[in-house]
Amino acid sequence: MVNTILLLSVALMAPILDARTLTGPTHNKVVVCYVATWANYRNATVKYEMKDFNPDLCTHLVYAFAALDPTNHTIKPHDAWLDLESPGLKGYKTAVDMKRDYPHLKVTIAIGGWNEGSEKYSNMSSSPESRKRFIDSVVAFIDHYKFDGLDLDWEFPSKRGGRPEDKANFVALVKELKDAFESKQYLLTAALGAGKDTMDTAYDVAKLSRYLDLIHMMCYDYHGTWDGVVGANAPLRGTSEDDVLSLEYTIKYMISHGVSPYKLVLGLPMYGRNFLLKDPDTTEIVFGKTPAQPEGFKGNYIQETGFMGYNEICMDLMNNTAWKKFWDEKSATPYLRDGDRVVVYDNQRSIALKVKMAVDYGLGGVMVWSIDTDDTKGVCAEELDALTDIYARFNKMLVDPLVTKAVKSLGSGNKNHNYKGQYYLIHNDKLELRLLTRGNTNYPLMEAINQAMVISLEEKRIMAEVERITNTNVIDKKDKRGDKPGAASILSSSAVTLLFCLFFIGKL
Ligand SMILES: *[C@@H]1O[C@H](CO)[C@@H](O)[C@H](O)[C@H]1NC(C)=O
Ligand SMILES: *[C@@H]1O[C@H](CO)[C@@H](O)[C@H](O)[C@H]1NC(C)=O
Ligand SMILES: *[C@@H]1O[C@H](CO)[C@@H](O)[C@H](O)[C@H]1NC(C)=O
Ligand SMILES: *[C@@H]1O[C@H](CO)[C@@H](O)[C@H](O)[C@H]1NC(C)=O
């Protein structure tokens with residue numbers, strides 16, 4: 001009975017309330033969430049099933065992975081038991097069915113991944129006939145399982161058993177897929193390697209940018225035990241001027257090689273990498289210098305040598321008081337140390353700084369690999385440094401009288417900006433930071449992404465207004481000296497109106 005009334009009232013409300021305003025992140029950037037579906041087989045403590053996915057945190061769910069059948073170049077489920085129904089765990093159906101209650105959500109299927117290797121993809125893309133075979137199978141597959149599109153995770157063209165022609169063949173594949181998707185409006189995206197060598201060897205990025213809807217940059221695995229020294233999995237900036245292994249270098253490379261920033265999606269790792277020091281008596285750890293053994297160690301639950309999910313790391317941090325926590329300033333990453341064991345990872349603080357960088361460069365948004373290793377159940381205590389940098393920036397902004405003036409001219413009256421709580425508000429024309437204290441909320445890293453995104457976008461909007469005010473002042477002064485009335489000031493105020501509109505359109 002209660003259910004009937006509930007259903008009825010939802011049905012009545014439906015035409016009035018556009019569901020898109022009710023679900024998903026409140027900002028206008030993409031948040032692409034990969035699910036490593038094999039997380040289903042992990043130890044109960046860190047097990048993740050498709051039904052655990054929280055669509056409110058993401059704009060896109062990418063189901064990883066489907067596989068390529070090398071005999072006839074067609075796409076196929078990687079794990080029929082996990083992916084399909086009757087009998088099976090119906091992963092595909094569970095994922096795409098979420099779109100019903102969360103209409104903002106796009107669900108795509110990723111094909112490839114590290115373990116698939118490169119050679120099958122090299123073969124498939126090598127002739128127009130085999131590409132067509134593949135593309136026809138993909139269209140049929142997407143139609144059949146009701147996905148919204150395809151994500152290509154070929155790791156990597158021209159590498160790992162691939163051939164030099166892969167670079168051009170990959171472009172041909174992407175273009176032909178785009179043509180085939182056109183009438184159906186399917187999304188076409190790709191995950192690209194972020195190391196300079198891979199970007200140089202594997203991709204013609206300007207052409208890829210033309211045909212792909214979004215480019216998911218895998219901005220992680222920059223360093224690991226293979227270096228022989230301790231280093232950051234995902235350094236924000238390099239250790240020196242000519243260090244090409246950092247998020248910032250990758251972003252600059254892509255933009256300077258002709259990629260549209262709004263198509264670029266910054267990948268963020270929800271895992272860390274660990275090391276065993278060669279010399280346990282090392283007093284100070286220096287990234288890029290301190291020698292490490294060829295292999296790291298296994299985490300408690302996922303048990304993969306050298307790799308630890310954030311969930312494993314944060315639980316270990318709580319349970320094992322021997323860990324000492326540090327912050328590496330250059331790479332802007334936290335690390336833990338206990339004797340010869342070192343874990344370099346990402347937490348709320350480093351993730352928030354990465355999100356800020358994505359916003360500063362005007363990128364399309366961020367991507368996470370992968371949501372299943374966030375603290376999805378909310379068992380960890382909050383890391384206390386989470387908001388350090390956000391608070392510092394806000395406090396700096398608050399003492400600037402121009403900022404107060406900008407906030408006043410932007411935000412008439414008091415305004416809340418919500419995502420299940422208030423991140424900041426404009427109160428009596430002053431900006432106030434009202435971040436959630438997380439308590440035992442689950443998905444702390446996803447939560448950090450949402451908070452950092454909303455705040456960074458607002459900071460950017462305010463700084464643009466500060467600039468406008470400053471420029472207008474200059475023009476006003478010129479006007480008084482008898483220069484021609486400033487068309488520029490009219491222009492810039494309409495630019496702000498536009499910004500305003502974009503900001504609110506993004507919320508719809
Ligand atoms: C999960 O991991 C814990 C701690 O290592 C262990 O005690 C437990 O037996 C594991 N459970 C399964 C199902 O593997
Ligand atoms: C491709 O070949 C496999 C056998 O290797 C077969 O099971 C599958 O049905 C074929 N797919 C298509 C689309 O022909
Ligand atoms: C790729 O094609 C070559 C030549 O036809 C073949 O020998 C090889 O086995 C193929 N590789 C894979 C992984 O299917
Ligand atoms: C560590 O902490 C978590 C969360 O409190 C708990 O579930 C787990 O059993 C603890 N023990 C180990 C060995 O990780």
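Owing to the predicted nature of the structure, the values given are computational and were not obtained by experimental measurement. Counting starts at 1 for both ligands and their atoms, in listed order. Hydrogens, waters and symmetry mates play no part in the numbers below; they use all other heavy atoms, side chains included.
Ligand 2 has no atom lying under 4.0 Å from any heavy atom of K76.
The closest heavy-atom contact to atom 3 (C) of ligand 3, among the options N123, T71, D69, L68, comes from N123.
For the pair R341 and F297, the cation-pi criterion (under 6.0 Å, within 45° of the ring axis) is fulfilled.
Taking a cut-off of under 4.0 Å to the non-hydrogen atoms of P70, the atoms of ligand 3 that pass are 14 (O). Taking every non-hydrogen atom of T74 and a distance limit under 4.0 Å, the qualifying atoms of ligand 2 come out as 1 (C), 11 (N), 13 (C). Atoms of ligand 2 found under 4.0 Å from any heavy atom of R133 (numbered from 1 in listed order, with element): 14 (O).
Scanning the protein heavy atoms around atom 2 (O) of ligand 2, the nearest turns out to be N72 ND2, 2.3 Å. The single protein non-hydrogen atom nearest to atom 9 (O) of ligand 3 is E119 OE2, 4.1 Å, given as residue, atom name and distance.
The presence of a protein heavy atom under 4.0 Å from atom 5 (O) of ligand 3 is ruled out. Under the 4.0 angstrom criterion, atom 12 (C) of ligand 3 counts as having a protein heavy-atom contact.
Using cut-offs of 30° and 60° for the angle between ring planes, the Y92 and Y63 rings count as perpendicular. A perpendicular orientation is assigned to the rings of Y443 and Y48, their planes being inclined by more than 60° (bins at 30° and 60°).
In K90, the NZ atom is not crowded: 12 or fewer heavy atoms of neighbouring residues, nucleotides or ligands sit closer than 6.0 Å. Taking a 6.0 Å sphere around CD of E295, one finds it holds 12 or fewer heavy atoms contributed by other residues, nucleotides or ligands.
Salt-bridge check for K159 with D197: passed, with a basic side-chain N closer than 4.0 Å to an acidic carboxylate O. Salt bridge status for E116 with K120: present, with a side-chain N to carboxylate O gap under 4.0 Å.
Of the heavy atoms in H73, none comes closer than 4.0 Å to ligand 2.
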